[in-house]
> 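Questions regarding the structure given below will be posed in turn.
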Amino acid sequence: MPGAVNLAALEPLPASELEGLTEEVARRLLGCTLVSRLGGAVTAGVIVETEAYGSDDPACHAFRGPTARNAAMFMAAGTLYVYRIYGVHHCANVVTGPAGVGEAVLIRALEPVRGHDAMRSRRGVEEDRMLCSGPGRLCAAMGIDVAANGSDLFTGPVTLLEAPAAPREVRVGPRVGVTKAADRQWRFCVAGSRYVSRK
DNA sequence: AGGATGATTCTCT
DNA sequence: GAGAATCATCCTT
C-alpha cells in the first residue's frame with residue numbers, strides 16, 4: 001500500500017551506495033527515502049524521480065570548474081548540494097563523486113510519507129500530489145534552502161534511508177529543462193508513480 | 001559594471 | 001500550452 005512506510009524500519013543508506021557512475025547512483029536512489037529535520041519538523045518522502053549530472057557533462061554546474069556556488073559538488077560523496085534557481089526556488093542534490101570531482105544527483109520528486117501537515121503549510125497547497133513533485137517544490141516542502149548547502153547526508157539535518165526494494169520498473173529519458181547535452185538519457189522515474197514532476 | 005541565463009513554478013488562456 | 005515572475009551567478013565588456 002503506497003504511503004504506508006515505517007521509517008523506523010529503514011536503515012541509513014550505506015555510503016557505498018553512492019559509489020560508481022553518477023547515472024547509476026541516480027537510478028539507485030529511486031525508492032530511497034529523503035528525511036529532513038529542518039525547521040522544527042520531520043518531513044520525509046520516497047524518491048521517485050532523479051537526474052544525473054556528471055563529469056564531462058556540459059549541463060553540470062561543475063563543468064567549468066569550482067566556483068563559490070558549486071563548491072559543495074566537489075566535496076565527498078554524501079554531501080548535500082543546494083542552489084538557488086530563478087531567484088526564489090531551491091534545488092537539492094546528492095553529491096556522488098569522490099572529493100575533488102564535481103558530480104551529483106538532482107532529487108526531482110518525492111512521494112510524501114511523513115510530515116504532511118508541515119509540507120502543506122510550507123507549500124500552501126493541500127493535495128499530496130502537489131507537495132513534492134518538482135525539485136523546487138520538494139525543497140520548499142522540506143524546508144531545504146542554501147543554509148543546508150554543504151551539509152553531510154549521514155550526520156546532518158537531511159539524511160537518506162535505504163530503499164526497502166528496488167522499484168519494479170524505471171522510466172528513463174532526457175533531463176528536464178536542460179539545453180546542453182540534451183540527448184543524454186539521465187533522468188530516472190519510478191514507472192507509474194503519481195508523484196513524478198511530469199510524464 | 002553590465003547583461004544574459006537559468007537543473008522552476010504558477011497563473012492564465 | 002504559453003508567458004511572467006525574479007535574482008544570484010557567471011561571463012563578457
Side-chain angles (χ1 to χ4, degrees), chain A residues 18 21-30 32 34 43 45 47-75 77 79-97 101-112 119-151 153 158 160 170-190 193-199:
Chain A
L18 300 179
L21 291 175
T22 300
E23 56 269 37
E24 291 177 353
V25 177
R27 183 186 287 262
R28 207 178 290 152
L29 285 176
L30 294 178
C32 295
L34 188 70
T43 50
I47 298 171
V48 296
E49 179 180 348
T50 60
E51 282 177 1
Y53 289 87
S55 56
D56 287 327
D57 175 10
C60 179
H61 287 171
F63 184 63
R64 294 173 191 274
T67 67
R69 176 178 71 157
N70 67 22
M73 279 190 106
F74 291 87
M75 297 174 74
T79 301
L80 183 67
Y81 167 48
V82 182
Y83 65 91
R84 179 177 266 215
I85 187 73
Y86 293 105
V88 291
H89 304 296
H90 297 275
C91 293
N93 302 253
V94 176
V95 174
T96 59
V101 176
E103 300 182 332
V105 173
L106 171 69
I107 308 301
R108 285 196 56 91
L110 309 173
E111 175 179 343
M119 291 185 179
R120 291 189 191 103
S121 172
R122 288 163 171 168
R123 289 272 300 120
V125 297
E126 287 299 310
E127 313 96 293
D128 287 359
R129 217 203 80 88
M130 287 293 108
L131 296 178
C132 298
S133 56
R137 290 169 175 171
L138 73 90
C139 281
M142 301 185 100
I144 297 173
D145 62 18
V146 290
N149 183 43
S151 65
L153 284 161
V158 179
L160 283 167
V170 174
R171 290 191 54 132
V172 179
R175 295 172 290 185
V176 174
V178 166
T179 55
K180 301 161 192 160
D183 57 313
R184 222 169 277 203
Q185 308 288 296
W186 277 4
R187 175 180 181 230
F188 304 91
C189 302
V190 173
S193 172
R194 300 169 49 239
Y195 298 92
V196 299
S197 65
R198 59 182 79 181
K199 68 173 183 182

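Order of the sequence lines sets the chain letters (A, B, ...), proteins ahead of strands, with each chain counted from 1.
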> Under 3.5 Å, is there a donor-acceptor pair between the side chain of A:N93 and the main chain of A:V95?
no
> Just list the side-chain donor-acceptor pairs under 3.5 Å for residues 143-151 of chain A, sequence neighbours left out, or say none.
residue: A:D145; atom: OD1; partner: A:A147; partner atom: N; Å: 2.9
residue: A:N149; atom: OD1; partner: A:V82; partner atom: N; Å: 2.9
residue: A:S151; atom: OG; partner: A:A148; partner atom: O; Å: 2.9

> Does some side-chain heavy atom of A:T43 sit less than 4.5 Å from a side-chain heavy atom of A:R122?
yes
> Under 4.0 Å: is that the gap between some side-chain N or O of A:R187 and OP1 or OP2 of B:dA7?
no
> Would you kindly give the CZ-to-C1' distance between A:R108 and B:dA7, to the nearest whole Å?
7 Å
> If each of A:A59 and A:V125 is mapped to the nucleotide of DNA chain B with the nearest heavy atom, which maps nearer the 5' terminus, i.e. the 5' end?
A:A59
> Heavy-atom distance under 4.5 Å between the side chains of A:M142 and A:V158, does that happen here?
no
> Run the side chain to side chain donor-acceptor pair (under 3.5 Å) check on A:R129 and A:S133 step by step: do they pass?
CA-CA 7 Å; A:R129 217 203 80 88; A:S133 56; 4.6 Å; no
> The side chain of A:N93 is closest to which nucleotide in this list: B:dT9, B:dG6, B:dA7?
B:dA7
> For A:L106 and B:dG6, give me the distance from atom CG to atom P, rounded to whole Å.
16 Å
> Could you walk me through whether A:F63 and A:K180 satisfy the side chain to side chain contact (heavy atoms under 4.5 Å, CB included) test, starting with their C-alpha distance in whole Å, then the side-chain angles of each, then the deciding distance to 0.1 Å, before giving a yes or no?
CA-CA 11 Å; A:F63 184 63; A:K180 301 161 192 160; over 6 Å; no
> Any side-chain heavy atom of A:D57 sitting closer than 4.5 Å to one from A:E103?
no
> Applying a 3.5 angstrom cut-off to the pairing atoms, does DNA chain B sit in any stems of at least three consecutive Watson-Crick or G-U pairs? List them by first number.
B:1-6 with C:7-12, B:8-12 with C:1-5
> Is there a side-chain contact between A:I47 and A:L160, using heavy atoms and a 4.5 Å cut-off?
yes
> Within this structure, what is the NE2-to-P distance between A:H90 and B:dT9, rounded to whole angstrom?
12 Å
> Within the 4.0 Å limit for protein heavy atoms, which parts of nucleotides 7-13 of chain C are touched? Write it as a string from 5' to 3', B for base, S for sugar-phosphate only, - for none.
B-SSS--
> Rounded to whole angstroms, how far apart are CD on A:E126 and P on B:dC10?
14 Å
> Can you measure A:I47 atom CD1 to B:dA7 atom P for me and round it to whole angstrom units?
20 Å
> Hey, is the side chain of A:R123 poking within less than 4.0 Å of OP1 or OP2 on B:dT9, counting only N and O atoms?
no
> Any carboxylate oxygen within less than 4.0 angstrom of a Lys/Arg side-chain nitrogen, looking at A:R120 and A:D128?
yes
> For A:R129 and B:dC10, give me the distance from atom CZ to atom P, rounded to whole Å.
11 Å
> Taking CG from A:L138 and C1' from B:dT9, how many angstroms apart are they, rounded to a whole number?
13 Å
